Engineer: 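Sending over a structure as structure tokens; questions will come in a sec.
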Amino acid sequence: MNAWLLAACVLLPAGAGPCVWRACRGEPAQRLTATSLAATMAVAVLLLAARGLHRTSYVDVALVAAVLAPTSTLVYARCLAGGADREEEAG
């Protein structure tokens with residue numbers, strides 16, 4: 001095990017655990033922030049694993065995830081905003 005893999009193994013539970021906890025329990029804005037941070041951490045773990053395992057294909061996966069993560073955050077934010085508008089119209 002080299003330093004890159006050790007960093008990935010430490011970052012994954014130390015960073016993703018609190019993100020998953022907040023994404024499961026919290027206000028909608030906190031859930032949005034947690035899922036966005038978890039996606040960023042997943043990209044970092046993939047890049048560290050790619051460096052540690054000397055596999056360039058993992059870099060490609062990380063780059064695709066880095067492009068799709070902000071898009072999914074925007075879609076989720078739009079769903080949150082749409083849900084608030086529907087509640088105001090119903091009330």
Side-chain angles (χ1 to χ4, degrees):
M1 179 174 280
N2 57 25
W4 297 104
L5 289 176
L6 182 64
C9 290
V10 168
L11 183 64
L12 188 61
C19 290
V20 170
W21 176 260
R22 184 50 65 187
C24 292
R25 300 184 185 267
E27 299 296 322
Q30 292 174 344
R31 290 180 179 188
L32 176 65
T33 305
T35 55
S36 179
L37 182 60
T40 303
M41 298 202 56
V43 169
V45 167
L46 284 170
L47 288 174
L48 288 169
R51 181 76 174 176
L53 297 173
H54 305 291
R55 296 188 183 241
T56 57
S57 60
Y58 290 172
V59 174
D60 297 337
V61 173
L63 290 175
V64 169
V67 169
L68 292 178
T71 306
S72 63
T73 301
L74 290 174
V75 168
Y76 186 52
R78 184 172 175 157
C79 289
L80 284 176
D85 290 342
R86 281 186 246 130
E87 289 176 6
E88 290 174 3
E89 290 174 4

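Keep in mind that the numbers below use all heavy atoms, side chains included, and drop hydrogens, waters and symmetry copies. This structure is a prediction, so every number in the text was calculated from the model and none was measured.
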Engineer: Connecting only ILVMFWY residues whose side-chain heavy atoms lie within less than 4.5 Å of each other, what is the rest of L63's hydrophobic cluster?
Structural biologist: V43, L47, V59
Engineer: Check whether M41 and L32 end up in the same hydrophobic cluster, where Ile, Leu, Val, Met, Phe, Trp and Tyr are linked by side-chain heavy atoms less than 4.5 Å apart.
Structural biologist: no
Engineer: Side-chain polar contacts of residues 7-22 - donor-acceptor pairs under 3.5 angstrom, sequence neighbours left out - could you list them?
Structural biologist:
| unit_1 | atom_1 | unit_2 | atom_2 | d |
| --- | --- | --- | --- | --- |
| R22 | NH1 | R25 | O | 3.3 |
| R22 | NH1 | Q30 | OE1 | 3.1 |

Engineer: For A66 versus P70, what's the shortest heavy-atom pair and its separation?
Structural biologist: O-CD, 3.1 Å
Engineer: According to side chain to side chain donor-acceptor pair (under 3.5 Å), does anything in residues 65-74 pair up with another residue at least two apart or in another chain? List the pairs.
Structural biologist: none
Engineer: I'd like to know if V61 and W4 are part of one continuous hydrophobic network [Ile/Leu/Val/Met/Phe/Trp/Tyr, side-chain heavy atoms within less than 4.5 Å].
Structural biologist: no
Engineer: Other than L68, what residues sit in its cluster of Ile, Leu, Val, Met, Phe, Trp and Tyr side chains whose heavy atoms are under 4.5 Å apart, directly or through others?
Structural biologist: V64
Engineer: Taking only residues two or more places apart in sequence, or in another chain, which ones meet A39 in a side-chain contact (heavy atoms from CB on, under 4.5 Å)?
Structural biologist: A69
Engineer: Scan residues 51-61 for pairs that pass side chain to side chain donor-acceptor pair (under 3.5 Å), counting only residues two or more places apart or in two chains.
Structural biologist: none
Engineer: Mind jotting down which residue pairs meet the side chain to side chain donor-acceptor pair (under 3.5 Å) criterion with at least one end in residues 33-43? Sequence neighbours excluded, please.
Structural biologist: none
